[in-house]
Colleague: 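One structure follows; several queries about it will come next.
In listed order, ligands and their atoms are each counted from 1. Note that these values count all heavy atoms, side chains included, but never hydrogens, waters or copies made by symmetry. Note that this is a predicted model, so its numbers are computed, not measured. This chain uses plain numbering: 1 for the first residue, then up along the sequence.
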Amino acid sequence: MLGRLAPRAAAGDMHRFSVAPMMDYTDKHFRFLMRLLTRNATLYTEMVAANALYYTNRHAAADATADSMIPRSLATNAESIESPCVLQLGGSDPDVLAEASRMASTYHPFTEMNLNCGCPSERVAGKGAFGAALMREPALVAELCKAMRQGGGRPTTVKCRIGVDDHDSFEELQRFIATVAERAHVSHFIIHSRKAILSGLSPEQNRKIPPLIYEYVYRLVEGFPGLRFTLNGGVLTYEDIDTHFERCPTLTGVMVGRAVLDRPFYWSEVDSRLHGRDNPGLNRREVLAAYGSYCDAEMERTDPSRQRSLRNLLLKHALNLFAGEPMSRKYKQRVEALRQRGDVSVSAILSEAGEQLHEGVLERRPGSEGQVAADCSDSVLIGREMG
Ligand SMILES: Cc1cc2nc3c(=O)[nH]c(=O)nc-3n(C[C@H](O)[C@H](O)[C@H](O)COP(=O)(O)O)c2cc1C
């Protein structure tokens with residue numbers, strides 16, 4: 001099905017719009033769903049802990065069955081579906097990151113590798129001493145990026161905040177970027193435009209409470225004309241994206257996270273609006289059918305002991321497909337009711353729940369007249385622990 005869809009943008013454009021890495025969400029199934037809506041957006045994996053990969057690999061040397069221990073967050077679809085896809089790694093040991101990058105790129109030809117320097121969670125930035133904690137150590141970040149590039153043989157980028165705790169001046173951010181760019185030849189930075197506060201705030205609060213300061217990103221773009229910057233944080237609409245490109249025409253791209261989870265179908269015009277290409281053009285009925293068939297196939301090749309949790313995950317990704325449309329709540333209630341019954345396939349659940357929607361909503365194609373303004377007040381997203 002995907003093979004018949006619109007062509008992809010040239011590599012130079014691939015960063016114009018990207019879907020943020022989001023733990024517990026941007027797995028291979030969510031990425032498959034997103035590919036039904038856009039061929040050109042760059043998709044990120046969830047953060048994969050380098051340690052998890054590294055120790056799997058060492059174990060695998062001694063145990064041929066250890067393949068099954070590949071972290072769930074590393075699982076991918078075929079390259080023709082995923083690409084362009086960026087693997088995000090988290091870690092703070094150059095040897096471990098080099099080996100994890102090598103192993104990951106053997107497993108799948110990711111377009112790029114990205115180092116997480118923005119996650120504020122206690123497990124990552126506290127005990128783990130990586131994620132946002134790395135913003136205090138630009139020289140180490142440079143070492144880590146070099147190791148990742150050597151190990152994985154892929155371009156390596158950094159996703160960071162504009163600062164961490166009291167290290168939040170523009171000058172410190174500038175020093176961080178300059179050090180990493182000069183020492184490791186990293187040329188692309190993705191900036192979540194708020195600082196991280198490492199004690200006292202949960203990851204979720206850390207995505208809301210520290211104020212967004214887009215001005216820092218604009219100033220980086222102006223101050224480092226040889227580097228590329230992607231702006232992230234608080235982008236909700238195409239109009240927001242236009243505003244950033246108008247204010248800062250040489251900005252490389254914009255990355256969107258929660259607004260994609262909250263209303264995925266809204267972003268089915270990314271290819272035409274941001275890449276000047278045809279949209280895949282599927283209506284919601286076709287998206288439900290294609291995603292449903294994919295889910296059934298995934299269920300079939302999964303061990304029965306893991307099918308229940310997989311089914312829940314697959315359905316979670318499709319819950320917000322009708323966000324903002326009349327009857328969307330009914331759709332979600334129907335999915336929920338059918339989910340309780342173990343004997344109904346995912347495709348049947350989605351198809352039956354979809355019938356709660358008006359015909360016009362199911363049939364409406366991206367970009368056609370009458371798109372109802374989204375109202376995400378009934379978002380049911382749960383479990384947003386990272387970031
Ligand atoms: C549920 C959830 C999980 C996240 N997991 C990650 C992650 O694994 N790696 C990362 O760099 N950022 C993670 N983030 C942060 C997002 O990538 C993004 O930087 C943040 O949500 C701000 O963008 P937004 O305002 O468009 O959502 C996560 C965010 C959410 C909501």
Colleague: Does a salt bridge link R339 with E336, judged by any charged N lying under 4.0 Å from a carboxylate O?
Modeller: yes

Colleague: What do you reckon, are the aromatic ring centroids of Y266 and Y238 less than 6.0 Å apart?
Modeller: yes

Colleague: Does the cation-pi check pass for R16 over F245, that is, NZ or CZ under 6.0 Å from the six-membered ring centre and within 45° of its axis?
Modeller: yes

Colleague: Going by heavy-atom distance to atom 16 (C) of ligand 1, choose the closest among P21, G257, S193.
Modeller: P21

Colleague: Which residue from M255, Q88, K208 reaches closest to atom 10 (C) of ligand 1 through any of its heavy atoms?
Modeller: Q88

Colleague: Output the list of atoms in ligand 1 that are nearer than 4.0 Å to some heavy atom of R258, sorted by atom number.
Modeller: 21 (O), 22 (C), 24 (P), 25 (O), 26 (O), 27 (O), 31 (C)

Colleague: Could you give all pairs that pass the side-chain hydrogen bond (donor to acceptor under 3.5 Å, both in side chains) test and reach residues 146-157, with sequence neighbours left out?
Modeller: N114-T157

Colleague: Does the pair R364/E325 count as a salt bridge with the N-to-O cut at 4.0 Å?
Modeller: yes

Colleague: May I ask you to list the atoms of ligand 1 that are less than 4.0 angstrom from any heavy atom of N116?
Modeller: 9 (N), 10 (C), 11 (O)

Colleague: May I ask whether G234 has any heavy atom positioned less than 4.0 angstrom from an atom of ligand 1?
Modeller: yes

Colleague: Could you list which atoms of ligand 1 come closer than 4.0 Å to a heavy atom of Y25?
Modeller: 1 (C)

Colleague: Is the F189 ring parallel, tilted or perpendicular to the F229 ring (thresholds 30°, 60°)?
Modeller: parallel

Colleague: Should G233 be listed as contacting ligand 1, given a heavy-atom distance under 4.0 Å as the test?
Modeller: yes

Colleague: Relative to atom 5 (N) of ligand 1, which among M47, M23, H192, E46 owns the nearest non-hydrogen atom?
Modeller: M23

Colleague: Any idea which atoms of ligand 1 are less than 4.0 Å away from a heavy-atom of V256?
Modeller: 26 (O)

Colleague: Should N232 be listed as contacting ligand 1, given a heavy-atom distance under 4.0 Å as the test?
Modeller: yes

Colleague: Is a salt bridge present between E79 and R35, judged by a nitrogen-to-oxygen distance below 4.0 Å?
Modeller: no

Colleague: Could you report the tightest heavy-atom contact between P264 and L37, atom names first, then the distance?
Modeller: O-CD1, 3.4 Å

Colleague: Closer than 4.0 Å to some heavy atom of K159 - which atoms of ligand 1 meet that?
Modeller: 10 (C), 11 (O), 12 (N), 15 (C), 16 (C), 17 (O), 18 (C), 19 (O)

